[in-house]
Asks: 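Mind having a look at this structure? Questions to follow.
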Amino acid sequence: MDKKVKNIIICGVGGQGILLASEITSTALIEAGYDVKQSEVHGMAQRGGSVIAHLRYGEKVYSPLIEPGTADIEVAFEMLESVRYLPYLHKGSSVIVNTHKIYPPSVATGNEKYPSDILSRLTAKKLNLLPLDAFAIAEKLGETRVVNMVLVGALSSFLPVPEKTFLKVIERRLPAKILKVNLDAFLKGKAAAEKRKEEQEQR
Amino acid sequence: MKKTKSAQKKQLLSGNEAIARGAYEAGVRVASGYPGTPSTEILENFSLYKESYSEWAPNEKVALEVALGASFAGVRALATMKHVGLNVAADPLFTSAYTGVRGGLVIITADDPEMHSSQNEQDNRNYAFAAKVPMLEPADAAEAKEFMKTAYDMSEKFDTPVLLRTTTRVSHVKGLVPIGRVKTSKGKPGIEKMPQKFVMLPANARKRRVVIEQRMQDLTEFAETFSENRIERGDNKIGFITSGISYLYVKEAFPEASVLKLGMVYPFPEKMIRHFARSVKKLYIVEELDPFIELHVKAMGIECTGKQRVPAYGELDSLKVRQAITGKKGKKLYEAESIPLRPPNLCPGCPHRGIFHSISKLGLFVAGDIGCYTLAALKPLSALDTCVCMGASIGTAFGMEKALGKDSLGKIVAVIGDSTFMHSGITGLLDIVYNGGFSTVIILDNRTTGMTGHQPNPATGMTLSGETGTTVDIEALCRAIGVKHVYDVNPHDIKATEKVLRRETAREEPSVIITKSPCVLLPEMKKRKNKPLYGVITENCTGCRMCLKIGCPAIEWVPLNEKEALSLGLKPKQKGHSRINPVLCDGCSQCAPLCKFNAINLVKDRDG
C-alpha cells in the first residue's frame, strides 16, 4: 500500500449527488484498508450553488482539507466547475470532467456567456484531462439521476481499490429498486474512463 | 500498512453522527435542539435511537431548558445548537452553571468559521470563559464520540454543564470511528427537591457563586492530568499549543514539531502549559478565530506568537498554518480563472419567489430574516434589505416604522419563515400590537424548515421522531396576539398576492399576510403526480425579458442573431427569446401571468 496521502476533489452543482458519490468512494477506500477523511459543506452550499467535497486517503490522514496545489485527482460533475477549483490542482493532476453543462444564473438569464474553451484551458495547464459525457451515458441507461455513479466508476479506475469492493459498497448503500441501474452506471463510467486512458496512452 | 481485523467495529461517520453515537453510548435519555448548520444532523441521527426521547424545540433557549430540566430529573441530557443558537440559549446557560446538574448535561455549540452557512463567525469558546463552564473541543469524528462520553462523566463528577464545541470541519468531516458499547447511566431518575441548588434567588445564588469558583479550581487541577490534554513530543525548536481542527492542520504542516493539544479548551492546564513552554525554543499558538488560548497564555506571562501571524478570521488549513509560521509563500499555484459565479438560488417552483417578485415590484424595503428566503437578496429579485438574526425581521421593521413615523406607511415589510416565526418571531409581533404599530408582517409558511434540510416545527404538525403532533394554527395565533387583519395568500398566484400586499401595506393597523404553499423539496411535493409543465411559444416571445425577472433557474435566455431570429419567424432585431427548461420546470405557473404576450403556456399535465 502506498503510504503517501492522496487527495481527491469532487466538485459540481448542488443536487448532482456529489455527497453520495464521495461517501461511496470513501467507504470503498476504507474497505481497501485506507484511513480516510472526507469533508463537505451542508446548508447554504446546496440550492444549486457550487459544491466542493474534499477526500483524502492514505495510511494516516490528519487534515480533512486539501491544500491548494496538492489535489491529485479532480472529478468535476459539471464542466464549468472543473475550472473553478483550479488552484487546488498541480501540474499533472488527473481531471475527470463531465462535459455536460448546467448554466449558472447569470448565463441562463443571458447576462454572461458560458465559456466555450473550458477543455482547452485545462489542457493548456498540463493537466491529465479525461473528458466524459456522463449525462449522455446515464441517459442511455434510461436514468439521468445516475450521473454521479458514472463518475464514481470513472474515478474508480484511478484508485487502488478492486472493482468488486466498489460494487459491494454500492450494493450495501443503495435500495434494491435502483441498484441495477446504478451498478450499470458505475461499470459504464469505469469502462469509458479506461477506454479514454488507453487512447491517450496510444497517442 | 496491514489490514488488521480488530475486534472493534469501525464506521465512517461525520462528526455530527459520531456525537449522536457518543450521546447514545453515554446513555443520554433526553435530547433537544433547534436545527442550524452545522449542528443539525446530531439530533436527526440521535432520534434514530428509539429508546431515548429527542425533539426539535421551537428555539435553542427552550432546547437548553428542556435538557436542563431532564438533568434536574436525574437523567443524562443533551442540547444541540449552532453557534448563534447559543446566543439565544445564553440566559439558561449562565445560570445552569450555578445550579449545576443531577444527570449529566452536555451542550453542543457548532461554530462556523468562514461562515459557510451563517450570518457571523463568533468564537463560542468565549462562552465557556464567560459562563464559567468547562469546554471540550474534539478534532475529528473519532474524538467527538469519545469526548461525548468524557463530557458526561465530567458533568456528573464536577456537577456542571459541559460545553462541547465543534466547527464545520469537525461536524461535517467524515472519518473512521470505533463503535463502542452503551454504558448504562448511574443516575437515579426521580423528583428531588433541592432548593438551595435549583432556586437561584440571590441568597442561594450567592452561595452557588462560591461553589462555581471552587469547581473551576477543581477543573483546573483535573485539566493537568486529563488524558486529552497531551504533549506530543517532537523537535523542541518549535512548539505549538493548539486544539480542535487546528491541531490537525498543525500536524499536517509540521509533523516533526512538539505539540500541546488541548482536548479541554477551558479551563486551562496552567502547569502543563508552563512546562511545555519551557521545553520548546519558540512557542506558537495556532487557533481559528479569536486569540482565546493565546490571551490566556500571555496573561500567564509566557512569550508566544499567535494572531500576530495566524489569521484571526475565516477557516485555517494546513497551507495557511505553514505560511503563517514560516513566512514563506510556498510554490506558485494555478490562478483562479474568471468564470461566471454560481451562487445558491431559490429552487424552481419555490413558493417564496412569487411573494418576493410582488415585493420587488412594489419597491418595498424588506426587513428580512434567516432561511432559504434570505436568498431573495440576490439578483434579480433583490427583494431583501436586512438580515441580522433569527426573528429580527419583525422588530427591525417595527423599529424603522417608529423612527420614521407615518412617512413609512406602505414602504416597509417584515418577511419571516414559518419555522423562524415559531423560533423568535412571535414576541416581535406582540410588540407591534402592544405598542400600536402598523407594520405588515409576511409569514412565509412553506410547511418546513427549508434551509437546514427540512426539519419539522410546531407549525408543521410533525415531530422529530416522525409522529403527528399538534399543528400550531399561525392565523389563530396572530389573532390571539391581537392582530385583526390576517390573510392567507397562495404565493404562486402572483396577481392575487400583489393585490393583498398593496392593500395591507397601506393599512394603518398591524397586519399579517401568510403565504401558504409547501416547499417543493418536501417528499410529498417531489412525488406529486400530474405536475404541470410550462413552455414558451417561441413565435409569441418578443424578447422583453420580463419572465427572467423572477430569477427562476428553469427560465433560460437563448441569444439570437439576425438570421436565427428570422428563421424562427421573429423580428430580425430581436436579440433572443426565453425558453423553459423542461427538466427544471416544476410547474408552479408563476411565470405565465408575467408574460404580456401570452408566450408562456401550459404545455401539458404530466405524470410526476
Side-chain angles (χ1 to χ4, degrees), chain A residues 1 3 5 13-14 22-23 26-27 30 32-50 54 59-70 78 80-81 83-84 86-90 102-115 118 121 125 144, chain B residues 1-3 10 12 37-38 40-41 116-118 140 168-169 172-176 245 248-249 251-253 255 315 317-319 322 330-337 339-347 372 375 378-380 451-453 545 548 551 553 555-559 575-576 581 583:
Chain A
M1 174 181 285
K3 288 186 175 184
V5 173
V13 179
S22 85
E23 184 196 316
S26 297
T27 312
I30 287 167
Y34 290 94
D35 185 24
V36 172
K37 281 214 171 96
Q38 175 202 328
S39 188
E40 57 206 37
V41 172
H42 304 187
M44 195 64 106
Q46 295 171 5
R47 309 283 170 272
S50 175
H54 299 230
E59 188 182 19
K60 166 78 189 163
V61 181
Y62 284 107
S63 169
L65 294 185
I66 294 171
E67 280 185 27
T70 68
E78 197 277 345
L80 186 59
E81 298 309 304
V83 178
R84 197 175 310 280
L86 255 180
Y88 280 104
L89 308 180
H90 57 78
I102 299 173
Y103 286 169
S106 62
V107 174
T109 52
N111 294 321
E112 274 185 286
K113 284 216 168 82
Y114 193 104
I118 299 275
R121 281 201 217 182
K125 301 285 181 202
T144 53
Chain B
M1 186 172 68
K2 267 178 270 165
K3 197 174 169 181
K10 282 187 179 182
L12 180 72
T37 314
T40 313
E41 301 83 3
H116 294 285
S117 200
S118 303
D140 60 18
T168 300
R169 301 301 185 177
H172 287 167
V173 166
K174 287 186 173 172
L176 279 175
I245 191 74
L248 296 175
Y249 301 145
K251 289 297 278 187
E252 188 79 35
E315 259 180 354
D317 62 29
S318 45
L319 181 63
R322 190 182 303 111
K331 65 174 181 180
K332 210 164 170 283
L333 302 172
Y334 288 132
E335 276 176 40
E337 306 230 333
I339 52 170
L341 296 174
R342 196 188 296 276
N345 195 353
L346 295 175
C347 305
C372 282
L375 295 172
L378 307 178
K379 282 180 187 170
M451 182 60 93
T452 45
R545 305 174 68 102
L548 292 167
I555 307 178
E556 297 169 355
W557 177 250
V558 185
K575 293 274 185 282
N581 184 334
V583 179

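Sequence lines set the chain letters: A, B, ... in the order given, protein chains first and strands last, and positions in each chain run from 1.
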Asks: Go through the structure and list residues passing side chain to side chain contact (heavy atoms under 4.5 Å, CB included) with B:E337, not counting sequence neighbours.
Replies: A:V83, A:L86, A:R121, A:K125
Asks: Please determine, among B:L548, B:L12, B:I339, the option with the most heavy-atom pairs under 4.5 Å with chain A.
Replies: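 Highest number of heavy-atom pairs under 4.5 Å: B:I339.
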Asks: Just by modelled atom types, is the A:T70 backbone N or O under 3.5 Å from a matching donor or acceptor in the A:E67 side chain?
Replies: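 No; judged by distance alone, with no hydrogens or angles, the pair does not exist.
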Asks: Can you sort out the partners of B:E315 under side chain to side chain donor-acceptor pair (under 3.5 Å), two or more places apart, ordered by chain and number?
Replies: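 In terms of side chain to side chain donor-acceptor pair (under 3.5 Å), with neighbours along the sequence ignored, B:E315 is linked to B:H116, B:R169.
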Asks: Is B:L333 close to chain A through its backbone or its side chain, or both, or neither, when contacts mean heavy atoms under 4.5 Å?
Replies: side chain
Asks: Can you tell which part of B:D140 gets under 4.5 Å to a heavy atom of chain A, answering side chain, backbone, both or neither?
Replies: side chain
Asks: Do the non-hydrogen side-chain atoms of A:T27 and A:I30 ever get within less than 4.5 Å of each other?
Replies: no
Asks: Quick one: does A:Y103's side chain get under 4.5 Å of B:P553's, heavy atoms only?
Replies: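 No. Closest side-chain heavy atoms not under 4.5 Å.
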Asks: Is any side-chain heavy atom of A:S50 closer than 4.5 Å to one of A:E81?
Replies: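 Yes; the side chains approach each other to less than 4.5 Å.
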Asks: Chain B: which of A:S39, A:P104, A:G69, A:P64 shares the most heavy-atom pairs with it under 4.5 Å?
Replies: A:P104
Asks: Considering only heavy atoms from C-beta outward, does the side chain of A:Y34 approach that of A:V61 to under 4.5 Å?
Replies: no
Asks: For chain A, which candidate among B:R342, B:K332, B:E252 shows the most heavy-atom pairs at distances under 4.5 Å?
Replies: B:R342
Asks: Measuring heavy-atom distances to chain B, does A:S106 have an atom under 4.5 Å in its side chain, in its backbone, in both, or in neither?
Replies: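 The answer is the side chain of A:S106.
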Asks: Got a donor-acceptor contact below 3.5 angstrom from the A:H54 side chain to the A:I66 backbone?
Replies: yes
Asks: Heavy-atom cut-off 4.5 Å, strictly under: side chain, backbone, both or neither for B:P340 against chain A?
Replies: both
Asks: Quick one: what part of A:E40 sits under 4.5 Å from any heavy atom of chain B, side chain, backbone, both or neither?
Replies: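 Looking at A:E40, backbone and side chain both touch chain B.
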Asks: Need one label for A:P115: side chain, backbone, both or neither, based on atoms under 4.5 Å from any heavy atom in chain B.
Replies: side chain
Asks: Using heavy-atom distances under 4.5 Å, tell me whether B:L346 contacts chain A through its side chain, its backbone, both, or neither.
Replies: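 Contact with chain A involves no heavy atom of B:L346 at all.
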Asks: Find the one option among B:D317, B:I555, B:L378, B:L341 whose heavy-atom pairs under 4.5 Å with chain A are most numerous.
Replies: B:L341
Asks: I need the residue from A:K113, A:E112, A:R84 with the largest number of non-hydrogen atom pairs under 4.5 Å to chain B.
Replies: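 Of the options given, most contacts go to A:R84.
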